[in-house]
Structure formats: structure tokens, C-alpha cells
2 protein chains.
Amino acid sequence: MNHSEATHDLRLRGYRVTPQRERILQVFYDLPAGTHLSAEELHQLLSNESSTPISLATAYRTLRLLASLGMLRELDFSEGHKHYELNRATWEPHQHLVCVECSTPVEFTGAAVADAARQVAEGYGFEVLDIQLKIHGVCATCRGQGK
Amino acid sequence: MNHSEATHDLRLRGYRVTPQRERILQVFYDLPAGTHLSAEELHQLLSNESSTPISLATAYRTLRLLASLGMLRELDFSEGHKHYELNRATWEPHQHLVCVECSTPVEFTGAAVADAARQVAEGYGFEVLDIQLKIHGVCATCRGQGK
DNA sequence: GTGCTTGCAAATGCTTTGCAGGGTG
DNA sequence: CACCCTGCAAAGCATTTGCAAGCAC
């Protein structure tokens, strides 16, 4: 699914295709895979361009809408605000390592965790849509610095 | 580590043992394993008893303190507020299945995911303190009801 | 007695919402 | 041309913080 197919899909589902929604979708399609934006970041990014100013309220509303339609994935890194990224057909589970000392986040993806998780979910009769793993720990740098 | 060892540890680390902190620690030690409370829930629970009224601000402050000391674990279920539980010596990774349709949460623990996660973390030189897995999907009930 | 802690209330940060005007289908 | 969307500002939650009084050590 590309940008124009997405807007077409929006219309099909009974939602109107507004310049704001088109622009926001395009932003996410243009984003490198694995990049994610918060509502505030999206709003900032669109404020910088003179063409399509979008209110913060609309940014929030649109992100929620697109996430509820499955077009975007909602990520929660416990930073006090949510992040969103394009829900690509071939998604990888999101895995996040956070150092409790310096808060440095490391992102990665891996199959082993996903497989294990999928197996459990299926045991409960769940159809898996998204897998998010968060590991808290102490990074190598902070471990080195005494304690 | 039990309740009184915990308060002793508090003192050792230079923090004062106040009635509020003792009472909150006791609440968590009395809680069945796997149960978790939000700041609001803790505050409610303590408001019901005539003996130790604790302000909401103190509930928040104490939860944050105990979590930073590693005595409590901070859980984030994407419900808009955090939950806390006792960080027992033999903790199991927290795994959370959430149905995107009906929001029903299913909690479970399992070794397979933990092992896979631990392996990745060690690859990055991390000392693992906590593992939290969140799976979004559609539960059996909601899958049954057409869609 | 010193200064960490508490309570209160006000402030903050993220997100949602009511309402009136505007644009899509 | 009906109704969904947007923008604005105000409201809503969860959580944090400034300050004066209180209590642990």
C-alpha cells in the first residue's frame, strides 16, 4: 500500500480525504523505515513548511484515526508521550532496550522474541497484530562507571 | 527481602523511614504476587483506612522513589497511567496481551520470551533488570463476532 | 536542631473536546 | 448542501512541583 492507495482506502471506509490527512500520510510514507514521530514532532515538522499548516489538535486526531484504522502503529516508550510509525505490510516487532541510568534507548528487531510471543498469543486464540518488547537494564557504559 | 528489611534498606541508603513509606511498602508486601496498583488506586486504598491517610502527592513521590531504588517495578500497560508492583527476587517478565477491539487484557508469564529477550540484551552489553512484553491483537471472542 | 518529607494547591505536559466556521463528497 | 473536519481555546487526566509546616534522625 502506498500513499495514494492509502487515501483511497480512507475514502472507501467512509472518511473524507482532506489536505491535512493526505499530507500526514505522505509524511509517514516518506519517513525512513523504523522512524517514528510523536504528535508534537509531526506538528513541528509540518509547521516548518509554509504550505500545509496543521493544528496540533488535528495532528492528534489524525494520528488516532490512522492508528485505529491500522495504517499507523502506536508505540509507547514510556516517555510520557506516544510515537507513531507507518504500519508496513512486513512489520517487525518493535523491541526497545532502555538504560535505567542514562535513559539511552536502543532499538532493534529480532525474530526469536517475535516467534515466542506469537506462539503464546495463539495459545490464547489471539490474532496477533503487533508485538512490542521493552527491556529495562543498565547499559555497558553505565555499568563501567562504577555504579 | 521482607517488609522490615526493606525499611532498613531505605535507611541505609540515606532515606528517612516515615509512616507513609512504611505503610506503602507494607501494602505492596501484602499484595498477592502479580497484583499491581496505580498511584490513584494506592491512594484510594489508603484513604479507606482511617489510620494512615496519605496525600496523592506522597503516593506519587513514594512510588517514584521506591521504583528508582528497584524495590518496585513500574509497569506500563498503555492505559494512560502507570502501575507498580513489588519487585520480588524471583520476578517473571511481565507479558500483556491486549485485544484492540474490546481492550480486554490478559496477563501471563513465560520463559521462552524472557530467554530470547535476555539473549539480545546481553548482546548489547546490557544488564537486564526488567522485561515487559505487550502484544496487541484480536481476542478469540472478537474474532468470532464477524468483523 | 537540621534538613528531608509531607500536604496542599497550583502548575505542568500530553491529549481530548466543545463549538463555530469551512470544505468534501 | 448535508455533514464531516478543522482550528482554536478551554477542559481533562495523570503527574510533578513550590512552599511552609512537621517529623525523623
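Proteins come first, then strands; the chains are lettered A, B, ... in the order of their sequence lines, and each starts at number 1. Note: hydrogens, waters and symmetry copies are ignored here, and every other heavy atom, side chains too, is used. Every value quoted in this text rests on a predicted model; they were computed, and no experiment measured them.
In summary, the side chains of Thr58(A) and Ser55(A) do present a donor paired with an acceptor at a separation below 3.5 Å, with no hydrogens or angles considered.
For the pair His8(B) NE2 and dA24(D) C1', the computed distance is 16 Å after rounding to whole Å. Regarding Leu42(B), its CG atom lies at a distance of 12 Å from the P atom of dT15(D), rounded to whole Å. Regarding Glu74(B), its CD atom lies at a distance of 13 Å from the C1' atom of dA14(D), rounded to whole Å. Rounded to whole angstrom, the span from the CZ atom of Arg11(B) across to the P atom of dC4(C) amounts to 17 Å. When rounded to the nearest whole Å, the span between CG of Leu65(B) and P of dT17(D) equals 14 Å. Summarising the geometry, the separation between CG on Leu10(A) and C1' on dT24(C) is reported as 13 Å, rounded to the nearest angstrom. Distance CG (Leu46(B)) to P (dG7(C)): 10 Å, rounded to an integer number of Å. Rounded to whole Å, atom C1' of dT15(C) lies 13 Å from atom CG of Asp76(A).
For Arg16(B) and dC25(D), a side-chain-to-base donor-acceptor distance below 3.5 Å is absent, hydrogens and geometry of angles not being considered. In this model, no side-chain donor or acceptor of Arg21(A) finds a partner on the base of dC5(D) within 3.5 Å.
When the side-chain nitrogen and oxygen atoms of Tyr60(B) are compared with OP1 and OP2 of dT16(D), none of them lie within a distance under 4.0 Å. Look at Thr18(B) and you'll find a side-chain N or O under 4.0 angstrom from OP1 or OP2 of dT6(C). Phosphate proximity of dT15(D) to Arg64(B): absent, as no side-chain N or O sits under 4.0 Å from OP1 or OP2. Residue Thr58(A) has no polar side-chain atom (N or O) positioned under 4.0 Å from OP1 or OP2 of dC5(D).
If you check every strand for non-hydrogen atoms under 4.0 Å, Gln20(A) touches sugar and phosphate atoms only.
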Step by step, work out the side-chain contact (heavy atoms from CB on, under 4.5 Å) result for Glu22(B) and Thr7(B). CA-CA 7 Å; Glu22(B) 276 201 283; Thr7(B) 59; 3.8 Å; yes
Run Tyr124(A) and Leu97(B) through side-chain contact (heavy atoms from CB on, under 4.5 Å) and show every step you take. CA-CA 9 Å; Tyr124(A) 284 89; Leu97(B) 261 169; 3.7 Å; yes
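Out of dT17(D), dT15(C), dT15(D), the shortest distance to the side chain of Leu56(B) is found at dT15(D).
Both Arg61(A) and His81(B) lie near DNA chain D, and the one whose nearest nucleotide falls closer to the 5' end is Arg61(A). The residue among Tyr15(B) and Lys82(B) whose nearest nucleotide of DNA chain D is located toward the 5' end is Lys82(B).
Contact check for Tyr15(A) versus Leu66(A): no side-chain heavy atoms found under the 4.5 Å cut-off.
Screening His96(A), Glu85(A), Lys82(A) for a side chain to side chain contact (heavy atoms under 4.5 Å, CB included) involving Leu75(A) leaves a single residue, Glu85(A).
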